[in-house]
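Chain naming here is simple, since letters A, B, ... match the order of the sequence lines and numbering starts at 1 in each.
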There are 2 protein chains.
Amino acid sequence: MTDQPEDPGERISEAEHAVMEALWEASPLTATEVSDRVSEARGWSLATVKTLLSRLVAKRAVATEPDGRRFLYSPTIERTDYVDSESRRLVDRLFGGRAAPLVAHLVEAEALNEDDIAEIERLIREFRK
Amino acid sequence: MTDQPEDPGERISEAEHAVMEALWEASPLTATEVSDRVSEARGWSLATVKTLLSRLVAKRAVATEPDGRRFLYSPTIERTDYVDSESRRLVDRLFGGRAAPLVAHLVEAEALNEDDIAEIERLIREFRK
DNA sequence: GCGTTACGACTACACTCGTAATCTGAATTG
DNA sequence: CAATTCAGATTACGAGTGTAGTCGTAACGC
């Protein structure tokens, strides 16, 4: 079959990820709108954001839809999937692929407070159901 | 005070990290020993490992100690600290700095199986004590 | 209609990374 | 002592990244 849909695409860099976050928060957006939303925090020029958008389009992580003389940009991948793959990478790299040691580490590093732990217990109970 | 000790140093790249793992497992090691331990899995030449070692020394993540005509290499940072900072980076970037959502994500993505969850509960109980 | 904008496309450029090869000097071997 | 060898230092080099600037063209304001 003539492919055309899907396409995992290469990895998304950190700067590109910031752009993705803007698009996951709201889309479609124009380049200027994306810029308005990310330049603020990152101190980027519009040109920089445009470059990042093109690279994301090249990586097929973002799709464009023409809107008159300009483009509307939308993510083609779900944030959940991205988060999942990034989390997995970390777990693979640092914890031998096992997620439990990561949680153990977070507990030991006191990255989790009482509320977090209570929340986790709740999630586990929920999951068990 | 004339500094000179410590120095967090720049970020460690992924290839460099593989070298760090070898040194965390055993140190001090010579360049050849490190190479023997990592080249296997990565398919790197000794030259590559030497380059990575120099870069790690430049970043002050690894220290050298002369041993005759050669050097013995040892990590200057603890694996725990590295794991901690990498985990934090992920949590900051993807979960707004809160670790609980990461665990929630792992549970939902079914990255955790029953054993993992049991283990986490054990850790939590342990932590509570 | 014509100058001014607004946009995407193309170009730029220094720096990091992955992956080595080569150079240089010292040590070891005959 | 000369030849070989081994180790670190230096150099290489293409791909990817961060961070823009410039070009060309189509639309919009007057």
*Rounded to the nearest 0.5 Å, what separation is found between the CD atom of A/Glu14 and the CD1 atom of A/Ile12?*
12.5 Å
*Would you indicate what B/Ala15 reaches in the nucleic acid, counting non-hydrogen atoms under 4.0 angstrom: base, sugar-phosphate, or nothing?*
sugar-phosphate
*asked:* Between C1' on C/dA12 and NZ on A/Lys50, what's the gap in Å once rounded to a whole number?
replied: 17 Å
*Whole-Å distance between D/dA15 C1' and A/Glu10 CD?*
11 Å
*Between D/dG21, C/dG18, D/dG8, spot the one nearest the side chain of B/Leu52, thanks.*
C/dG18
*asked:* Minimum heavy-atom separation for B/Leu52 and B/Glu16, please, with both atom names.
replied: CD2-CG, 3.9 Å
*More 5' along DNA chain D: A/Glu14 or B/Ser54, using each one's nearest nucleotide?*
B/Ser54
*With sugar-phosphate meaning primed atoms plus P, OP1 and OP2, does A/Thr48 contact a base, only sugar-phosphate, or nothing at under 4.0 Å between heavy atoms?*
base
*Give one of base, sugar-phosphate or nothing for B/Thr32, where a contact means two heavy atoms less than 4.0 Å apart.*
sugar-phosphate
*Rounding to a whole Å, what distance do you find between A/Glu16:CD and D/dT19:P?*
12 Å
*Go through C/dA21, D/dG18, C/dG18 for me and flag the one nearest to the A/Arg55 side chain.*
D/dG18
*Nearest listed nucleotide, side chain of B/Arg70, among D/dA7, C/dG8, D/dG18*: D/dA7
*CH2 of A/Trp44 versus P of D/dT17: gap in Å, rounded?*
13 Å
*With respect to the phosphate group of D/dG18, does any side-chain polar atom (N or O) of A/Ser13 fall under 4.0 Å of OP1 or OP2?*
yes
*Test for a donor-acceptor pair under 3.5 Å between the base of D/dG18 and the side chain of A/Arg42, counting only N and O atoms.*
no
*Under 3.5 Å, side chain of B/Arg37 to main-chain N/O of B/Glu21, donor-acceptor pair present?*
no
*State whether A/Asp67 and A/Arg70 are salt-bridged, where the test is any N-O pair (Lys NZ or Arg NE/NH1/NH2 against Asp/Glu carboxylate O) under 4.0 Å.*
yes
*Between C1' of D/dT25 and CZ of A/Phe71, the distance in whole Å*: 13 Å
_Let me spell it out: for each of A/Thr51 and A/Ile12, pick the nucleotide of DNA chain D with the closest heavy atom. Which residue's pick is nearer the 5' end?_
A/Ile12
*Nearest-neighbour nucleotide for the B/Tyr73 side chain, C/dG8, D/dT19, D/dG8 considered*: D/dG8
*Counting N and O atoms only, with roles assigned by atom type, does the side chain of A/Trp24 sit under 3.5 Å from a partner on the main chain of A/Ile77, one being a donor and the other an acceptor?*
yes
_Tell me if the side-chain of B/Arg69 makes a donor-acceptor pair with the base of C/dT24, cut-off 3.5 Å, by modelled atom types._
no
*asked:* Distance alone, cut at 3.5 Å: any donor-acceptor contact between the side chains of B/Thr48 and B/Ser45?
replied: yes
*Given atom CG of A/Asp36 and atom P of C/dA6, what is their separation to the nearest angstrom?*
13 Å
*Please state how far atom CG in A/Leu53 lies from atom P in D/dG18, giving the value in whole angstrom units.*
14 Å
*Spell out yes or no: do the side chain of B/Ser45 and the base of C/dA20 have one donor N/O and one acceptor N/O closer than 3.5 Å?*
no
*Send over the distance from A/Arg11 CZ to D/dT17 P, rounded to a whole Å.*
8 Å
*Minimum-distance nucleotide to A/Lys59 side chain [options: C/dA9, C/dA21, D/dT17]*: D/dT17
